[in-house]
There are 2 protein chains.
Amino acid sequence: MSLPHAILTALLEKPSSGLELTRRFDKSIGYFWSATHQQIYRELGRLEAEGLIRTLPSPQPARGQKKSYEVLPAGRAELARWTAAAQDPKPLRDSLLLRLRAAAVVGTAGLEDDLRRHLGLHRRQLAEYREIERRDFPPDRDAPQDRIRHLVLRAGIDLETFWTRWLADALTDLTGPDGPGELPDDVPAPAEPPEN
Amino acid sequence: MSLPHAILTALLEKPSSGLELTRRFDKSIGYFWSATHQQIYRELGRLEAEGLIRTLPSPQPARGQKKSYEVLPAGRAELARWTAAAQDPKPLRDSLLLRLRAAAVVGTAGLEDDLRRHLGLHRRQLAEYREIERRDFPPDRDAPQDRIRHLVLRAGIDLETFWTRWLADALTDLTGPDGPGELPDDVPAPAEPPEN
DNA sequence: TGCAGCATGTAAGCGGTTACATGATTAC
DNA sequence: GTAATCATGTAACCGCTTACATGCTGCA
């Protein structure tokens, strides 16, 4: 039950229409809670039905017509309640670790390439986060609200740092210390096609 | 599409029945890909229908009767294919980070307690992983297969290390440097009731 | 014989994903 | 006027979660 609260948070930061929310998810909240426009429209409908948000007064809200929402007091209260409520952390679920464990049984043939690709992706994400930090959070200048947002960004940075380190270690471990050359450490890897 | 491959891996490591698999998931594979017995039974049925596994010859496989499975060559081939296939990493999805971002808007009241609880949980998980490492992976003695398993365990250890550090930082940041005392650094926190 | 525990399953519901449909606005 | 784009939706599917149902086995 997190998507509705993600939307409430976004709408409190700034009243928006469905598509505007989708775009803001893509570039900010989506870094730790992604959502498609279909999810968002469905959830906006539910939140409105429950009286937590309402459409901003506008000409005629019809299909194809822009429709903006704002949070009602009940919505803010629900968000505050949810934020303070105890929730257990969800257990880790990572298919790459699973593939590695499978590789211990069926062999690592072909896996190294994808590890290298992941390393590249994580390096790029890390660079993106660092750029955001440089731009939005100049040293020792965080306002109280910004302190919290900076903290969240730090989590992203540290997680990507972990992955890049761990993947680099894994590659030297799998290909052996005398294996094929690795990528130099601070250069983002070139793009390679995903697949799946 | 990871659960079937998790099951194939587990069955290759050792042929098992549904309930045995469930237990092994709880204590080993489940650390990075959890599954309930209902999921496992359903998936075993599918895998058998697809000809990737088969039931071990046994008296009479009836309801309430134990039924063990083993992997067929086609199953091993499918697992090898999947292991080597390129897959994109799934974007991060963490509700705690979401709650923190919400707290930047509606206030942090009540959130600190749950952060402390999470810190305790992650410390305990970290201790558990370290104990496994101490028991199963004595220094500089890993066989080739064990090297990979050790690598996976290392990921778990490093991830929990990240969370404990980040949560500790977050708490001192939120409660202020002069806030209420934090837990000492290497003592597992006492249990507190979950809720959700 | 009756009960606790083992073992296998069924059913309903929910959130997320993918593919597709439709109306309005803008640019050429 | 028509094509591209903006904007809002619908529908089908799939994996995971939760609750419940059913049959066997060992033991007091």
Side-chain angles (χ1 to χ4, degrees), chain A residues 1-7 11 15-26 29-30 32-50 53 55-56 58-69 82 87-95 98 194-196, chain B residues 1-7 11 15-26 29-30 32-50 53 55-56 58-69 82 87-95 98 194-196:
Chain A
M1 285 291 292
S2 292
L3 178 58
H5 303 97
I7 292 178
L11 285 182
S16 311
S17 68
L19 201 60
E20 283 163 356
L21 278 178
T22 303
R23 296 214 178 92
R24 289 173 53 204
F25 266 71
D26 283 345
I29 290 190
F32 46 90
W33 203 276
S34 61
T36 63
H37 78 271
Q38 293 91 335
Q39 281 178 276
I40 287 173
Y41 283 121
R42 191 175 9 155
E43 206 58 50
L44 283 172
R46 287 181 194 161
L47 288 168
E48 190 180 18
E50 290 169 16
I53 63 175
T55 61
L56 282 179
S58 95
Q60 66 280 41
R63 191 173 184 126
Q65 210 82 358
K66 192 178 195 163
K67 209 162 75 176
S68 283
Y69 295 88
W82 175 80
Q87 281 178 244
D88 279 339
K90 270 187 48 178
L92 176 61
R93 206 164 242 220
D94 188 284
S95 69
L98 198 55
E195 185 160 296
N196 184 332
Chain B
M1 284 291 292
S2 292
L3 178 58
H5 303 96
I7 292 178
L11 284 181
S16 311
S17 69
L19 201 60
E20 284 164 355
L21 277 178
T22 304
R23 296 214 179 92
R24 289 173 53 204
F25 266 71
D26 283 346
I29 290 190
F32 46 91
W33 202 275
S34 61
T36 63
H37 79 270
Q38 293 92 335
Q39 281 177 276
I40 288 172
Y41 283 120
R42 184 165 26 136
E43 205 59 50
L44 284 171
R46 286 181 196 161
L47 288 168
E48 190 180 19
E50 289 169 17
I53 63 175
T55 61
L56 282 180
S58 95
Q60 66 280 40
R63 192 174 184 124
Q65 210 82 356
K66 193 180 199 164
K67 209 162 74 176
S68 283
Y69 295 87
W82 176 81
Q87 281 178 243
D88 279 339
K90 270 188 48 178
L92 176 61
R93 208 163 240 223
D94 187 284
S95 69
L98 198 55
E195 185 160 298
N196 183 333

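Proteins come first, then strands; the chains are lettered A, B, ... in the order of their sequence lines, and each starts at number 1.
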request  = Just do the side chain to side chain contact (heavy atoms under 4.5 Å, CB included) check on Ile7(B) and Ile53(B) with the steps written out, would you?
outcome  = CA-CA 10 Å; Ile7(B) 292 178; Ile53(B) 63 175; 5.7 Å; no

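- Comparing atom distances between the Thr36(B) side chain and each of dT18(D), dG15(D), dG16(C) picks out dT18(D) as nearest.
- In terms of position along DNA chain D, the nucleotide closest to Arg42(A) lies nearer the 5' end than the nucleotide closest to the other residue of the pair Arg42(A) and His37(B).
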ask   = Can you list the steps and then say if Leu21(B) with Ile29(B) is a side chain to side chain contact (heavy atoms under 4.5 Å, CB included)?
value = CA-CA 10 Å; Leu21(B) 277 178; Ile29(B) 290 190; over 6 Å; no

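- Across the protein-nucleic acid pair, Leu21(A) atom CG and dC6(D) atom P stand 17 Å apart, rounded to whole Å.
- Taking atom NE2 of His5(A) as the reference point, atom C1' of dG15(C) lies 14 Å away to the nearest angstrom.
- Among dT18(D), dT8(C), dC16(D), the nucleotide with an atom closest to any side-chain atom of Gln38(B) is dT18(D).
- Judged by atom type and distance alone, Arg93(A) does not reach the base of dG15(D) through any side-chain donor-acceptor pair under 3.5 Å.
- Ser16(A) and Leu11(A) get closest at one heavy-atom pair: N-CD2, 3.5 Å.
- Phosphate contact (OP1/OP2 of dG15(C), side-chain N/O of Arg46(A), threshold under 4.0 Å): present.
- Regarding contacts with the backbone of dT17(D), a side-chain N or O of Gln39(B) is found under 4.0 angstrom from either OP1 or OP2.
- Expressed to the nearest 0.5 Å, how far CD of Glu48(B) lies from CZ of Arg46(B) amounts to 14.0 Å.
- Going from atom CG of Asp26(B) over to atom P of dA7(C) covers 14 Å, rounded to whole Å.
- At whole-Å resolution of the value, CD in Glu43(A) and P in dT8(D) are 16 Å apart.
- Residue Leu19(B) places its side chain closer to dC6(C) than to any other of dC6(D), dG9(D), dC6(C).
- One interatomic measurement links the two molecules: CZ of Phe25(A) to C1' of dA7(D), which rounds to 17 Å at whole-angstrom precision.
- Between Asp88(A) atom CG and dT18(D) atom P there is a gap of 11 Å when expressed in whole angstrom units.
- Listed pair Tyr41(A) / dT8(D) meets the phosphate criterion, a side-chain N or O lying under 4.0 Å from OP1 or OP2.
- Rounded to an integer number of Å, the gap from Met1(B) CE to dC16(D) C1' is 14 Å.
- Between Lys66(B) and dT25(D) there is no side-chain polar atom (N or O) within less than 4.0 angstrom of OP1 or OP2.
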inquiry  = Set out, in order, the CA-CA distance, both residues' side-chain angles and the distance that settles side chain to side chain contact (heavy atoms under 4.5 Å, CB included) for Glu43(A) and Ile40(A), then state yes or no.
reply    = CA-CA 5 Å; Glu43(A) 206 58 50; Ile40(A) 287 173; 5.8 Å; no

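- The nearest whole Å value for the distance from the NZ atom in Lys90(B) to the C1' atom in dG15(D) is 10 Å.
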